[in-house]
Structure formats: C-alpha cells, structure tokens
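If you read the sequence from its start, that first residue is 1, and numbering goes on from there. As the structure is a prediction and not an experimental result, all values here were calculated from the model.
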Amino acid sequence: MVESLLSNSAQWQHQRAALSILEQCLYAAPVTFAQHAPIAVEAALHLATTNQNPRVQFQAMVLLGALCEADESLGSKIRIQNGGRLLQAISALVASRCPKVAAIACLAVVSY
C-alpha cells in the first residue's frame, strides 16, 4: 500500500499518507520495521528534497527525526550510512518559509 501511495506523485495527500504510515509502522513494530528502514529513509529524503508541498516536507521531517531517534534500537546505522544526506535535507528545510516545516526540521537536527 505504501509503495502505491508513494508512486502517485500527482497527489501530495498520497505521499504524505505514505510517510505517515511508515512512521506509525516504525513506532508500532520497530523490530519488524528494521528491514524496511532503508526504504523509509530513501522515501523521506527524496520527498523532503523534491516535493515543494510544505505538508509533505513536514511529514518527511517527522519520519526522518523518528528514524534518527530509533536508529540504535533498529540496528540499521541510518546516521552512519546516510549522515551527509540526512543533514543536507534537514538543513535545507530549516530555512523553509513555512515556520512549521522549519521548526520540525530543527527538531530533526536534535533527533539526529
């Protein structure tokens, strides 16, 4: 279901829903989700940098922050493998014109 929502780039609501589903799966079953963490990171990074909708950017930052916080419990070394890309995407959104996106990007830096 997440794959079909992510592939629909015409509607931002689908992309935001997919990111939200990934976040909830991370919280609900972190051990089972660990195998899907790299895919979630790629999806969040891609949408954070390419999508101009503030709601999608916000949800991507929420997911990236949650992944950074859960990194040690997942055992996936997300920060080690994607650190530069994570910080680049997050720092770009710290300068967002949308205060809510900028604030959550600041919190994602803290989570990192």
Side-chain angles (χ1 to χ4, degrees):
M1 183 166 101
V2 171
E3 289 177 9
S4 66
L5 289 171
L6 286 173
S7 66
N8 188 352
S9 61
Q11 294 187 357
W12 64 266
Q13 296 95 334
H14 290 183
Q15 293 174 333
R16 184 168 191 248
L19 294 171
S20 181
I21 290 169
L22 288 170
E23 177 195 4
Q24 295 310 311
C25 289
L26 170 64
Y27 289 135
V31 174
T32 305
F33 184 80
Q35 64 183 344
H36 303 291
I39 296 166
V41 170
E42 290 302 321
L45 284 173
H46 174 71
L47 291 175
T49 56
T50 61
N51 196 304
Q52 296 303 311
N53 188 296
R55 292 180 176 113
V56 174
Q57 291 173 340
F58 177 85
Q59 196 63 47
M61 285 295 104
V62 169
L63 178 57
L64 288 175
L67 286 165
C68 286
E69 285 183 14
D71 190 23
E72 290 179 20
S73 64
L74 293 175
S76 56
K77 301 182 181 176
I78 293 168
R79 289 177 284 190
I80 293 171
Q81 295 172 348
N82 301 294
R85 293 174 54 217
L86 283 168
L87 290 175
Q88 183 178 12
I90 293 169
S91 63
L93 290 180
V94 167
S96 174
R97 288 185 284 152
C98 177
K100 192 171 180 178
V101 173
I104 199 68
C106 290
L107 289 174
V109 170
V110 172
S111 295
Y112 181 85

Between CG on residue L86 and OG on residue S111, distance to nearest 0.5 Å: 11.0 Å
With a 4.5 Å heavy-atom cut-off, do L26 and E23 have their side chains touching? no
Under a single-linkage definition using a 4.5 Å side-chain heavy-atom cutoff for Ile, Leu, Val, Met, Phe, Trp and Tyr, are L107 and L93 assigned to the same hydrophobic cluster? yes
Return yes when atom CD of E42 has more than 12 non-hydrogen atoms of other residues, nucleotides or ligands closer than 6.0 Å, and no otherwise. yes
Tell me whether I39 shares a hydrophobic cluster with L47, the cluster being built from Ile, Leu, Val, Met, Phe, Trp, Tyr side chains joined at under 4.5 Å. no
So, for A34 and P38, which heavy atoms are closest and what is the spacing to 0.1 Å? O-CD, 3.9 Å
Once you round to the nearest 0.5 Å, how far does CG of L64 lie from CG of L87? 10.5 Å
Roughly how far, to the nearest 0.5 Å, is the CG atom of N53 from the CD atom of Q13? 8.0 Å
Measure the CZ-CD distance between R79 and E69 for me, rounded to the nearest 0.5 Å. 9.0 Å
Can you name the nearest heavy-atom pair linking S96 to Q57, along with the distance? OG-OE1, 4.4 Å
Can you see which heavy atom on Y112 is nearest to which on G83, and at what distance? OH-CA, 3.4 Å
Closest non-hydrogen contact found for A102 with V94 is CB-O, 3.3 Å
When rounded to the nearest 0.5 Å, the distance separating NZ of K100 from CE of M61 is 14.5 Å
Cluster overlap M1 with L22, hydrophobic side-chain contacts below 4.5 Å: yes
Nearest 0.5 Å, please: how far is CD1 in I104 from SG in C98? 11.0 Å
Quick check: closest heavy atoms across L19 and Q59, and the distance to 0.1 Å? CB-CG, 3.5 Å
Show the nearest heavy-atom pair for residues L67 and A37, with the distance to one decimal. CD2-CB, 4.4 Å
